[in-house]
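Presented below is the structure to which this report refers.
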Amino acid sequence: MTDFDESGRAAPAATGGIAARAMAARGTRSPDYLAGLNPEQRAAVETTEGPVLVLAGAGTGKTRVLTTRIAHILNLGLAFPSQILAVTFTNKAAREMKNRVGLLVGGAVEGMPWLGTFHSIGVKILRRHAELVGLKSNFTILDTDDQIRLIKQLIQAENLDDKRWPARTFANMMDGWKNKGLTPKDIPEGDARAFANGKGRELYAAYQARLMALNACDFGDLLMHPIALFRAHPDVLAEYHRRFKYILVDEYQDTNVAQYLWLRLLAQRPKDVPQNVCCVGDDDQSIYGWRGAEVDNILRFDKDFQGATVIRLERNYRSTAHILGAASHLIAHNEDRLGKTLFTDAADPEDPKVEVNAGWDSEEEARAIGEAIEDLQRRENHNLNDMAILVRASFQMREFEDRFVTMGLNYRVIGGPRFYERMEVRDALAYFRCVCQPADDLAFERIVNTPKRGLGDATIRLIHDYARARAIPLIAAAGEMAETEELKPKPRATLRRVVSDFRRWSELLATVKHTELAEQILEESGYTEMWQNDRSAEAPGRLENLKELVRSMEQYESLPTFLEHVALVMDTEQNAEMDAVSIMTLHSAKGLEFETVFLPGWEEGLFPHQRSLDEGGRSGLEEERRLAYVGLTRGKRRVKIWFVSNRRIHGLWQSTIPSRFLDELPEAHVEVMEANTSYGGYGGYGASRWDGASAFKEAAYTTPGWRRAQAANAGFTNTGKSGGDGWSGGRTREINYGEGGNARAGRGHNQPPRQGFGLHSSASKGGPREIEGELVAKSVVTEASRFAEGDRVFHLKFGNGTVANVEGNKLTVDFDKAGQKRVLEGFVEAV
DNA sequence: CGCCGATCGATTTTT
DNA sequence: TCGATCGGCG
């Protein structure tokens with residue numbers, strides 16, 4: 001039924017045959033691309049057969065493993081490029097993978113048609129079998145705008161108050177259901193009831209029916225339909241089973257239930273066929289729970305795939321020992337994790353510790369960070385491109401932007417409103433969609449009256465009714481009505497004009513070059529003119545974007561190809577030419593790395609965000625902590641954390657207290673900085689403000705971390721300008737318990753390194769807790785563990801247990817209550 | 001149809 | 001506080 005491109009060719013056998021010959025031809029020497037891999041990476045690449053889960057910590061060479069694995073499979077002749085299914089979440093990741101595989105195997109990736117995002121692969125499958133789920137192969141893909149407008153119509157059709165039951169809310173709900181793989185009949189009663197007095201289920205069903213009538217899909221359907229298809233048509237599924245000899249999944253921790261179901265259908269073969277599925281991910285970097293990602297997918301991999309090989313990549317090639325130590329220690333506070341500890345061999349005594357800075361308010365924070373950036377730039381000759389500011393919430397960005405504008409510092413905001421989401425671009429695209437797909441009602445609705453042509457609600461309603469009654473597309477209905485008496489002369493004439501325009505453009509599709517046609521459409525429709533006449537400040541930018549849109553079409557062969565691309569990609573590449581500091585959210589920083597990373601806003605309520613705490617409870621907090629972990633591990637060499645004591649939230653100034661995450665950083669790797677603001681540090685204005693900052697002082701005293709700081713300070717200098725609040729002293733202060741008795745702290749509470757194991761050991765009253773950076777232990781200790789199999793140990797979280805296995809400084813312990821866990825030696829003590 | 005004032009709400013975001 | 005969005009009015 002489906003004509004796969006090389007259905008006629010015999011696939012290479014998984015073993016022997018071509019593979020054997022390839023191996024033989026190469027002799028016993030391993031190929032170059034394996035040369036630079038460490039043993040774990042190499043195992044991940046070479047274990048081609050059977051299910052494999054690669055737990056790849058931040059900066060451990062995950063992408064490298066994935067791409068090398070593909071290259072390896074190809075090189076051994078185990079499969080044709082078209083027999084490898086490689087799925088990513090973002091287009092960017094897909095692009096990068098394609099490029100890197102290309103570099104490894106030398107351009108032959110053209111033939112990797114099944115490397116892409118879940119959604120793009122979903123579309124591809126769906127286009128081949130559209131009829132089987134009730135669609136036509138040329139179905140359109142709705143964007144969020146279209147979706148909302150459609151839902152709004154449905155809500156109104158149900159005579160519901162669309163104010164009380166906003167379309168957006170329902171769109172989000174449906175999105176949630178689709179993320180879970182739920183069809184209208186599957187949604188739980190409670191959920192169905194939650195919207196519009198129990199009409200949720202009907203609305204969802206009505207929406208799906210409407211999409212079918214429109215021959216359209218939303219993003220969720222790109223996963224839902226293939227799942228339904230595979231379930232209802234085992235023969236089709238079997239074809240894909242035969243086709244995909246190897247399956248690879250990137251960022252597995254981010255998969256939602258629907259993606260998981262989709263994947264499981266494809267990956268779980270009949271008994272006799274090997275399940276060559278390799279999932280790569282990091283449970284510690286799962287930060288998309290709120291949009292349906294199920295960490296559980298990664299946690300139960302070996303249950304879904306019997307006999308799975310689990311490989312941990314823990315050797316980090318990105319960050320300094322201090323950064324890794326801080327990150328590892330922080331993330332160890334999470335309970336829901338498989339447990340991994342990053343380490344590096346590259347510990348340089350010159351490496352700066354992770355800095356923690358305090359500021360008065362967000363304005364000062366922005367100013368100080370701006371200065372720090374200039375310092376690095378001027379004194380150390382750093383590129384702005386190597387620095388990034390990672391914020392929790394986008395409102396934090398404005399302060400930095402304002403400041404950098406006045407300073408004249410180049411910056412780049414990553415992740416803002418995207419190109420294809422801009423109004424003018426969407427309008428233009430709607431025109432193109434109408435030309436290519438005359439049945440695209442939503443596109444037609446969007447632009448019938450843009451620019452204003454005097455076709456108001458009334459006229460549109462009439463067209464709608466007419467189209468509905470005869471079950472024809474809007475544009476066809478408009479065409480017919482333009483010839484009847486139903487409309488008043490004026491709108492009738494306009495409508496006739498519009499319809500004939502579209503007809504004409506459609507005819508030109510075959511003959512005129514698509515970029516020229518696009519220009520012509522924008523010109524003749526009056527759309528360009530509309531913006532030329534617009535006096536607002538944005539108008540020139542919008543015209544520029546329209547030009548850019550046409551320009552970006554160049555590289556596609558036709559208008560329809562371009563539209564398909566746009567529907568799935570929704571993004572254009574950033575120009576990385578100028579040297580600029582990046583400002584982005586922690587979420588969008590995942591996967592990136594920078595020499596220097598600034599992490600502002602570490603305050604309770606903002607980070608961890610209050611809403612995560614309220615809505616997500618413990619797991620919400622853990623996700624926030626993973627976010628902190630992601631933030632820290634973006635830094636290669638320098639990480640500078642900030643918190644302030646006053647922040648404006650919803651327009652009101654609120655005093656804030658330092659984030660609990662600060663208390664979860666190991667002191668051995670952290671340096672608490674003096675208030676190094678433009679007010680000249682301590683003294684004068686700066687100090688007096690601290691003095692007045694009762695909120696800060698109180699806050700500071702309430703969290704253990706700052707009590708620690710204070711304690712350290714008390715034994716240090718006691719200049720006591722402001723009553724020894726711990727911040728009035730001179731220079732930078734290092735808080736450095738537990739590391740080689742750095743006596744500056746001057747109190748008798750130091751412990752020798754690696755003996756003062758953290759968290760539990762000396763949390764005695766009054767004295768500061770001892771926290772030892774586990775990374776130090778990890779990277780320095782090579783001697784045998786102080787524990788042996790059978791030893792009884794105590795762990796602060798898991799309680800008492802018996803050591804089952806010792807592996808370096810990692811122990812596998814059978815806890816009496818908590819079951820078997822892998823823990824770091826540093827976290828248990830002998831009983 | 002278009003403009004203006006009231007009202008609401010305010011993490012994170014991909015496809 | 002600020003901004004987007006909606007309903008009412010001219």
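In this text, all values refer to a predicted model and were calculated from it rather than measured experimentally. In what follows, every chain begins at residue 1, and chains take the letters A, B, ... in the order their sequences are listed. Both backbone and side-chain heavy atoms feed into the values below; hydrogens, waters and symmetry mates do not.
- Comment: A:Asp440 does not engage A:Arg446 in a salt bridge, judged by the lack of any side-chain N to carboxylate O separation of less than 4.0 angstrom.
- Nucleotide B:dT15 holds its C1' atom 15 Å from the CD1 atom of A:Ile125, rounded to whole Å.
- Summary of the strand contacts: A:Ala567 and A:Arg453 both lie near DNA chain B, and taking for each the nucleotide with the nearest heavy atom, the more 5' one is attributed to A:Arg453.
- Salt bridge annotation for A:Glu96-A:Lys92: absent, with no cationic side-chain nitrogen under 4.0 angstrom from a carboxylate oxygen.
- Counting non-hydrogen atoms under 4.0 angstrom, A:Asp143 reaches nothing in the nucleic acid.
- Residue-nucleotide stacking is not present for A:Phe118 and B:dT15, judged by a side-chain ring centre under 5.5 Å from the six-membered base ring centre and planes under 30° apart.
- Put simply, the side chain of A:Arg392 and the base of B:dT12 share a donor and an acceptor less than 3.5 Å apart.
- Counting any heavy atom pair closer than 4.0 Å across all strands shown, A:Arg418 reaches a base atom.
- If you measure from atom CD1 of A:Ile141 to atom C1' of B:dT15, you get 9 Å, rounded to the nearest angstrom.
- Here A:Arg648 does not pair with A:Glu363 in a salt bridge; the nearest charged N to carboxylate O distance is not below 4.0 Å.
- Atoms CG (A:Asn179) and P (B:dT13) sit 16 Å apart, rounded to a whole Å.
- Each of A:Gly454 and A:Ile287 was matched to the nucleotide of DNA chain B holding its nearest heavy atom; the match closer to the 5' end belongs to A:Gly454.
- Not one side-chain nitrogen or oxygen of A:Arg291 sits closer than 4.0 Å to the OP1 or OP2 atom of B:dT15.
- Using a 5.5 Å limit on the distance between ring centres and a 30° limit on the angle between planes, the aromatic ring of A:His650 does not count as stacked on the six-membered base ring of B:dG9.
- A sub-4.0 Å separation between OP1 or OP2 of B:dT11 and a side-chain N or O of A:Ser394 is absent.
- As a whole-Å value, the separation of A:Met423 CE from C:dT5 P is 10 Å.
- Out of B:dT15, C:dC6, B:dT11, the shortest distance to the side chain of A:Ala393 is found at B:dT11.
- Judged by distance alone, with hydrogens and angles left aside, the side-chain atoms of A:Asp218 form no donor-acceptor pair with the main-chain N or O of A:Leu142 at under 3.5 Å.
- Rounded to whole Å, the distance from CZ on A:Phe607 to P on B:dT12 is 13 Å.
- In this entry the distance linking CZ of A:Arg648 with P of B:dG9 reads 21 Å, nearest Å.
- Residue ring and base: A:His119 does not count as stacked with B:dT15 (centre distance below 5.5 Å and interplanar angle below 30° not both satisfied).
- One finds no side-chain N or O of A:Asn91 lying less than 4.0 angstrom from the OP1 or OP2 phosphate oxygen of B:dT14.
- Comparing the same atom, C1', in C:dG3 and in B:dT14 gives a spacing of 24 Å after rounding to whole Å.
- When distances run from any side-chain atom of A:Leu568 to the nucleotides B:dT15, B:dT13, C:dC6, the shortest one goes to B:dT15.
- At a threshold of 4.0 angstrom between heavy atoms, the contacts of A:Asn449 are confined to the sugar-phosphate backbone, with no base atom among them.
- Across the protein-nucleic acid pair, A:Asn172 atom CG and B:dT11 atom P stand 14 Å apart, rounded to whole Å.
- The partner of B:dT11 is absent, by the rule that a Watson-Crick or G-U pair needs both atom distances under 3.5 Å.
- Side-chain N/O atoms of A:Arg398 include one lying less than 4.0 angstrom from OP1 or OP2 on C:dG3.
- Looking at A:Arg626 and A:Gln285, their side chains never come closer than 4.5 Å, going by heavy atoms from C-beta outward.
- At the heavy-atom level, A:Lys490 lies nowhere under 4.0 Å from the strands shown.
- One atom, NZ of A:Lys152, and another, P of C:dG7, lie 8 Å apart when rounded to the nearest Å.
- Residues A:Lys62 and A:Asp282 are not paired through a salt bridge, judged by the lack of any N-O separation under 4.0 Å between the basic side chain and the carboxylate.
- Taking side-chain N and O atoms only, A:Lys178 has no distance below 4.0 Å to OP1 or OP2 of B:dT14.
- Comparing the P positions of B:dT11 and C:dA4 gives a spacing of 15 Å, expressed to the nearest Å.
- Using a 4.0 Å heavy-atom cutoff across all strands shown, A:Glu251 reaches no nucleic acid atom at all.
- Side-chain atoms of A:Glu615 and A:Gln610 form no donor-acceptor pair, as typed in the model, at a separation below 3.5 Å.
- Proximity note for A:Arg611 (side chain, C-beta onward) versus B:dT15, B:dA10, B:dT12: the nearest is B:dA10.
- Checking B:dT11, B:dG2, B:dT14 against every side-chain atom of A:Lys452, the shortest atom distance belongs to B:dG2.
- Within 4.0 Å (heavy atoms only), A:Leu455 reaches sugar-phosphate atoms of the nucleic acid but no base atom.
- Comparing C:dT5 with B:dT12, their C1' atoms sit 22 Å apart, to the nearest whole Å.
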